Engineer: 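Let me begin by handing over the structure; questions about it come next.
Just so you know, ligand 1 is whichever comes first in the structure, and atom 1 is the first atom listed for that ligand. Quick caveat, the model's predicted, so the values are computed rather than measured. Values below: all heavy atoms of this structure, side chains included; hydrogens, waters and symmetry mates excluded.
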Amino acid sequence: MSGGTFLLTILGSGTSTGVPVVGCSCAVCTSDIPQNVRTRCSALLTYGGRNILIDTATDLRTQMLREKVSRIDAVLFTHTHADHLHGIDDLRPFSAFSGKPIPVFGSARTITAIRRNFGYIFDDEPESGYRPRLITRTVTGPFDLFGLPIEPLPLVHGRGESLGFRIGALAYLTDCNAIPEETERRLRNLDVLIIDALRFRPHTTHFNISQALEVASRLGPRRTVLTHLGHDVDHQRHAAELPAGAELAFDGQRIELSICAGR
Ligand SMILES: [Zn+2]
Ligand SMILES: [Zn+2]
Ligand SMILES: [Zn+2]
């Protein structure tokens with residue numbers, strides 16, 4: 001399959017605690033602006049009737065109900081931090097309804113950690129209904145998923161690493177604080193850059209807003225969408241202060257792109 005458009009839905013635009021943060025009474029956490037309610041960071045790619053998740057965030061069930069998602073065909077994992085992975089058990093109804101295992105993709109390190117940390121999903125016990133049926137797939141380079149070209153992009157995430165993904169002229173780079181040169185070379189001619197921009201102050205494992213905007217000005221995408229946002233980012237107040245072409249992600253945001261754009 002080639003041509004056509006694909007859709008990326010921001011399922012969650014929030015940092016690991018989500019926003020509001022439990023117990024916090026700051027202005028953002030008590031705000032009544034819907035865009036200040038941020039579930040844990042993840043996204044959904046839709047193409048040709050197929051749904052591909054990027055990460056199984058802790059809020060996966062809530063996100064699936066909110067977006068009325070009734071099938072998941074594959075999962076791309078960025079890394080194994082709890083906020084991106086620990087909703088994995090919520091894949092159960094999808095594999096149960098389809099009767100098919102769901103392929104889950106990640107780096108070798110990610111797949112090893114998922115199999116270790118969620119042993120009950122992958123052990124040799126006889127089939128039980130109490131686990132999602134998953135097949136792990138190790139990503140070693142660009143691949144095609146139901147007609148969508150997926151380009152994995154290694155990123156620096158503090159002392160660890162994560163994978164970003166490029167799909168056509170869109171790049172999704174969550175959980176990173178530096179971009180290796182080799183990856184940066186593969187981020188030319190972007191239409192949409194979705195990038196980690198945790199907060200205003202610096203952080204050891206995430207870009208802050210000014211660093212993310214610096215990356216954007218180097219790469220020159222038409223549109224930059226800042227995600228993985230914490231509770232010091234107020235959608236109403238701060239979105240208006242961003243430079244032209246930059247915006248704050250919000251839960252439920254939809255971005256549609258031609259699969260051929262930028263090529
Ligand atoms: Zn995260
Ligand atoms: Zn707060
Ligand atoms: Zn992380």
Engineer: Give a yes-or-no answer on whether the side chains of Asn177 and His206 include a donor-acceptor pair shorter than 3.5 Å.
Structural biologist: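 Result is no, nothing qualifies.
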Engineer: May I ask you to check if Arg50 and Phe146 form a cation-pi contact, with NZ or CZ under 6.0 angstrom from the six-membered ring centre and within 45° of the axis?
Structural biologist: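 Judged by the rule, Arg50 and Phe146 form a cation-pi pair.
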Engineer: In Å and rounded to the nearest 0.5 Å, what is the CG to CZ distance from Asn208 to Arg199?
Structural biologist: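 So the CG of Asn208 and the CZ of Arg199 are separated by 8.0 Å.
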Engineer: Do Leu60 and Leu91 have side-chain heavy atoms sitting under 4.5 Å apart?
Structural biologist: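 A side-chain contact exists here, since the closest heavy-atom pair is under 4.5 Å.
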Engineer: Near the Zn ion (ligand 1), which protein N/O/S atoms are found at less than 2.8 Å?
Structural biologist: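 Atoms qualifying: Asp83 OD2, His84 NE2, Asp175 OD2, His228 NE2.
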Engineer: With rounding to the nearest 0.5 Å, note down the distance linking OH in Tyr47 to CG in Leu145.
Structural biologist: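 Rounded to the nearest 0.5 Å, the OH-CG separation comes to 11.5 Å.
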Engineer: Distance check, rounded to the nearest 0.5 Å: Leu242 atom CG versus Leu248 atom CG?
Structural biologist: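 Spacing of CG (Leu242) from CG (Leu248) equals 5.0 Å.
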Engineer: Looking only at N, O or S atoms, find the one in His157 nearest to the Zn ion (ligand 3) and name it.
Structural biologist: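 His157's closest N, O or S atom to the Zn ion (ligand 3) is named NE2.
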Engineer: Nearest 0.5 Å, what's the CD1-CG distance between Ile255 and Leu7?
Structural biologist: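 Going from CD1 on Ile255 over to CG on Leu7, the span is 9.0 Å.
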Engineer: Is the distance between the ring centroids of His86 and Phe118 under 6.0 Å?
Structural biologist: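 Under 6.0 Å, so yes.
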Engineer: Check for me whether the distance between the ring centres of His228 and His203 falls short of 6.0 Å.
Structural biologist: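 Centroid separation for His228 and His203: 6.0 Å or greater.
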Engineer: Answer yes if the ring centres of Tyr120 and Tyr130 are under 6.0 angstrom apart, and no otherwise.
Structural biologist: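 They do not qualify: ring centres at least 6.0 Å apart.
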Engineer: Which residues and atoms, counting only protein N, O or S, are under 2.8 Å from the Zn ion (ligand 2)?
Structural biologist: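 Within the sphere that stays under 2.8 Å of the Zn ion (ligand 2), the protein atoms of type N, O or S are Cys24 SG, Cys26 SG, Cys29 SG, His231 ND1.
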